[in-house]
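In what follows, every chain begins at residue 1, and chains take the letters A, B, ... in the order their sequences are listed.
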Amino acid sequence: MAGSESYARIYEAVLRIPRGRVATYGQIAALAGLPGHARQVGYALHRTPDELAVPWQRVLNAKGEIALRADPIAAKHQRELLRGEGVRFRRNGTVELRKYGWNVVAEEEPDE
DNA sequence: AAACTGACTAATA
DNA sequence: CTATTAGCCAGTT
């Protein structure tokens, strides 16, 4: 498989997400240096190698819900993982991005 | 090589 | 809140 640099950037961005926090695809895309390529982020995560141990579960869509469509099992697993990290889900299966959304500016070091 | 598909987002109504 | 439209790009067929 081709070693796309974009993929590596996406993985790094996801790895930057602090525990107990969630990020949207658009955020990851922008953080990875690919603004507007949210779709590609999802594709990259789908192809994420297990060796990298990327916390893809912390990546949600803009609505704050599990993005997975054709994989309800994995989605359930993801929900459990997030719950274990302290993320509370609403009854409709969405997360309050207003509260759990990863504020990059606040968490990141002032340097760089 | 053209068309189709997909872990998406944002704007508008 | 939902529905619709348009944009985006890599992987499959």
In terms of the nearest nucleotide of DNA chain B, which residue is placed more toward the 5' end: Q40(A) or G26(A)?
->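 The 5'-side residue here is Q40(A).
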Would you indicate which nucleotide in [options] comes nearest to any side-chain atom of [X]?
| X | options | result |
| --- | --- | --- |
| Y25(A) | dG6(B), dT12(C), dC8(B) | dC8(B) |
| L45(A) | dG11(C), dC8(B), dA7(B) | dA7(B) |
| W56(A) | dC8(B), dA7(B), dA10(C) | dA7(B) |
| H46(A) | dC8(B), dA7(B), dG11(C) | dA7(B) |
| Y43(A) | dG11(C), dT9(B), dG7(C) | dG11(C) |
| T24(A) | dC8(B), dA10(C), dT9(B) | dT9(B) |

Separation of [X] atom [atom1] from [N] atom [atom2], in whole Å?
| X | N | atom1 | atom2 | answer |
| --- | --- | --- | --- | --- |
| I28(A) | dA10(B) | CD1 | P | 13 Å |
| N61(A) | dT2(C) | CG | P | 12 Å |
| L60(A) | dT9(B) | CG | P | 9 Å |
| I73(A) | dA7(B) | CD1 | P | 14 Å |
| Y11(A) | dA10(C) | OH | P | 14 Å |

Side-chain N or O of H37(A) less than 4.0 angstrom from OP1 or OP2 on dC9(C)?
->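 Answer is yes, contact under 4.0 Å.
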Short side-chain N/O contact to dT12(C) OP1/OP2 from R47(A), under 4.0 Å |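 Yes, such a contact exists.
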Is E85(A) salt-bridged to R21(A), going by a charged N under 4.0 Å from an acidic O?
->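 No, no charged N to carboxylate O under 4.0 Å.
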Taking atom P in both dA6(C) and dA7(B), compute the distance separating them and give it to the nearest angstrom.
->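 Approximately 22 Å lies between the P atom of dA6(C) and that of dA7(B).
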In whole angstrom, give me the gap between the C1' atoms of dG6(B) and dC8(C).
->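 Result for the C1' pair: 12 Å, nearest Å.
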Nearest-0.5 Å distance, CG of residue N92(A) to NZ of residue K63(A) =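 With rounding to 0.5 Å, CG (N92(A)) is 11.0 Å from NZ (K63(A)).
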Any side-chain heavy atom of L60(A) within less than 4.5 Å of one from T94(A)?
->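 Not touching, per the 4.5 Å side-chain cut-off.
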Within-4.5 Å side-chain heavy-atom neighbours: R88(A) and Y100(A) =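 Yes, their side chains come closer than 4.5 Å.
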Taking for each residue the nucleotide of DNA chain C with the nearest heavy atom, is it N92(A) or R39(A) whose nucleotide lies nearer the 5' end?
->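 With N92(A) and R39(A) compared, the 5'-side residue is N92(A).
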